[in-house]
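We name chains A, B, ... by the order of the sequence lines, and we start the count at 1 in each one. All of these numbers come straight from a predicted model, not from anything done at the bench.
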Amino acid sequence: MVFAFFKKEDPGLGHIASRAVGMLHDARHSFDLATLALLDGASFSSVEEDVRATDARINQTEQDLRAELVVHVSVQGANDIGVVMGYTLLIKKIERIGDQAKNILDLAEEVGTIVDDEGGHQLMDERRRVSTMFADAASLLAEPNDEASVNAFIDDAGQVSADYQTKINDLMHSDLPGSVVVPRAIYYRYLKRIVANLRGVVSVVSEPLPNIDYLDDGATDITDD
Amino acid sequence: MGSVDDRGVSSIPAPARAALVIGLIYIFLVGVSSLETGIKTMGSDTTESLFSAVSNPIAGLCVGILGTVLVQSSSASTSVIVGLVASQKLGVDDAVPMIMGANIGTTVTNSLVSLGHVRHSNEFRRAFAAATVHDFFNILAVGLLLPLELIFGIVSGTAENISERLVGSAGSEWKSPIKAWVKGPVGWIKDGLSTLGAEANLLGTLMVAVGLVVILAALTFITKNMRALVADRVERSLNAILGKGGGAVAMVLGMLITIAVQSSSITTSILIPLAGAGVIRLQNAYPVTLGANVGTTITALLAALAGSSPEALTVGLAHTTFNVLGIVLLYVLPFARSLPILGAEKLAEIATTRRTMAVVYVFIMFIVLPLIGVTLLR
């Protein structure tokens with residue numbers, strides 16, 4: 001460990017971005033497993049340990065990176081303060097995505113699988129769609145200079161969130177029994193939050209710091225309840 | 001978010017900055033040599049009256065504290081002490097308590113940095129404890145080692161032993177290559193001042209003044225440039241300490257960082273906001289400060305190379321010996337290890353309850369008590 005002083009590495013905060021991408025891959029892993037339990041009949045017990053361990057790893061990484069960001073400011077001064085605050089927001093968003101994946105697992109524990117219910121295929125399609133968005137967000141985080149792709153992702157995520165809100169609204173006024181409607185509405189709510197946080201992750205890369213989490217009309221998009 | 005590469009911290013390329021640092025070290029050595037020559041140029045009556053004040057070890061200790069508080073750098077004050085010893089006008093026995101005082105005085109910077117957190121109770125408690133753990137270690141080390149030094153000469157004896165093996169016995173003259181390299185510029189300073197009409201005591205005083213200014217300026221720029229040069233390494237080292245905890249490794253990293261930046265105040269001051277934010281625990285910050293204590297002694301050793309007397313090297317080595325022995329007594333021995341931490345935590349608790357106590361502590365510890373010591377015991 002003493003060799004940390006002599007080791008030659010790229011200067012700056014590049015390693016924070018790499019580890020944030022790692023966190024995003026972990027969050028996707030949790031999401032995939034939790035949704036398998038909820039939608040595809042995988043047994044809760046077979047995925048629980050993995051999801052919770054992955055969530056704990058994400059949380060620990062967030063804490064470690066926060067500490068490293070404070071060290072960076074203490075050593076390097078305030079030159080990178082905007083970048084440091086951006087990374088602080090970014091890793092918090094990824095940590096929240098991990099929490100949402102855990103919430104989906106908790107939902108699976110409560111209601112079992114909902115794949116055989118009406119609309120089950122659509123739920124699986126949405127799962128695939130969101131899972132792909134994890135990969136896209138990770139790519140953009142690793143290579144943030146492709147402005148067109150970043151903007152396309154942000155627009156797409158905004159549209160997906162709006163679609164999920166429409167689905168939630170439809171379910172609220174549905175005549176289906178509560179045991180069918182409620183798990184779906186909650187699931188879509190979690191998907192919406194995950195997509196909003198993925199949008200936030202990519203926005204951190206491109207938007208000015210004061211604007212992150214604020215929509216064009218000035219409303220905030222930070223509620224994770 | 002922008003790339004980190006855009007930050008523009010280092011407008012000077014690293015190789016050029018490294019070359020600049022080497023040049024600054026040379027200027028620093030010229031400053032030390034100028035100081036030594038200035039003292040030698042003064043009449044013996046003048047130097048006797050100057051240094052009689054520190055013949056009492058407690059007064060010497062207090063002078064060391066005050067001098068270091070004044071320049072906010074133990075590297076600078078110990079280099080000056082080494083320069084004085086090199087001039088043969090200040091003895092090793094008188095210099096060692098001053099060196100110990102410099103060790104205490106340098107911690108004022110941490111305490112001042114920690115006062116910046118005073119508005120937030122929890123943050124301040126952690127920051128102040130991290131600052132004062134260094135004070136407690138140094139005070140306890142002086143409390144234990146100064147009496148042992150006065151009775152048995154434990155610090156100076158050990159240092160003298162090493163010095164003798166390296167360059168020969170006291171009273172002799174060793175051929176320092178650095179001394180020869182800096183001889184030219186020192187001669188130019190002396191000739192320049194003589195041309196202006198200065199001679200004897202005035203010439204000596206002016207050479208001392210030039211030496212002091214050069215030492216302080218050179219050290220300031222060395223520290224500034226080295227900090228820019230090794231900032232990424234410092235950051236990586238601190239991250240390693242956060243990841244793996246404290247102990248001997250943290251101590252070695254604290255020493256390496258301090259050797260690199262030539263300032264224990266820089267190393268320890270970086271720790272204060274980290275401790276305040278709760279990123280580093282007091283138990284982990286503590287060994288880093290001890291490593292910094294050892295690392296900072298490299299400057300006095302460097303300064304000794306500008307002189308040709310073994311005594312100057314002995315004093316430089318005494319600084320290292322004092323800090324290493326302090327670690328052996330207060331860190332290696334398990335029962336003593338927690339004493340500075342407990343003291344710092346208790347003091348931080350009091351200071352958090354009554355914030356003015358923190359300011360009073362700094363004022364009394366670093367200004368009032370040393371002043372009283374110098375006034376009464378000189």
Side-chain angles (χ1 to χ4, degrees), chain A residues 1-20 60-61 63-91 140-141 143-145 150 200-212, chain B residues 1-11 14 113 123 127 224 227-261 266-281 284 291 295:
Chain A
M1 198 173 69
V2 168
F3 295 106
F5 185 84
F6 300 103
K7 227 161 68 179
K8 191 166 170 57
E9 277 178 11
D10 287 339
L13 290 166
H15 71 288
I16 303 272
S18 307
R19 290 183 69 187
Q60 187 57 53
T61 308
Q63 288 177 34
D64 293 347
L65 293 184
R66 269 195 219 168
E68 289 187 17
L69 289 168
V70 177
V71 168
H72 183 81
V73 174
S74 295
V75 174
Q76 310 274 7
N79 292 300
D80 294 335
I81 195 71
V83 187
V84 166
M85 288 184 72
Y87 275 127
T88 310
L89 278 175
L90 186 144
I91 58 178
L140 292 171
L141 198 55
E143 288 295 333
N145 294 326
V150 167
V201 165
V202 175
S203 300
V204 169
V205 174
S206 64
E207 285 186 15
L209 197 64
N211 298 356
I212 296 166
Chain B
M1 194 159 62
S3 160
V4 177
D5 297 332
D6 301 339
R7 60 197 163 139
V9 169
S10 44
S11 49
V113 170
E123 200 177 308
K224 197 176 170 183
R227 190 176 174 172
L229 209 54
V230 299
D232 293 318
R233 291 175 195 279
V234 172
E235 190 179 338
R236 270 201 304 282
S237 303
L238 287 172
N239 284 334
I241 293 166
L242 297 185
K244 305 285 181 191
V249 172
M251 207 181 286
V252 174
L253 284 171
M255 187 182 75
L256 289 174
I257 293 169
T258 306
I259 290 172
V261 297
I266 296 280
T267 308
T268 52
S269 298
I270 286 172
L271 295 177
I272 305 306
L274 298 181
V279 166
I280 189 165
R281 291 171 63 235
N284 295 349

Student: Is it true that a side-chain atom of B/Arg227 and a backbone atom of A/Val75 form a donor plus acceptor pair closer than 3.5 Å?
Tutor: yes

Student: So which bits of residues 274-281 of chain B come within less than 4.5 Å of chain A, counting non-hydrogen atoms only?
Tutor: B/Leu274, B/Ala277, B/Val279

Student: Report the distance from atom NE2 of A/His15 to atom CD of A/Glu68, rounding to the nearest 0.5 Å.
Tutor: 4.0 Å

Student: So how far is it from A/Leu69 CG to A/Thr88 OG1, rounded to the nearest 0.5 Å?
Tutor: 5.0 Å

Student: With rounding to the nearest 0.5 angstrom, report the OG1 to CG distance, B/Thr258 to B/Leu253.
Tutor: 10.5 Å

Student: Given A/Tyr87, which of A/Leu13, A/Asp80, A/Leu65, A/Val204 fulfils the side chain to side chain contact (heavy atoms under 4.5 Å, CB included) condition?
Tutor: A/Leu13

Student: To the closest 0.5 Å, what do you measure between CD1 (B/Ile257) and CZ (B/Arg236)?
Tutor: 11.0 Å

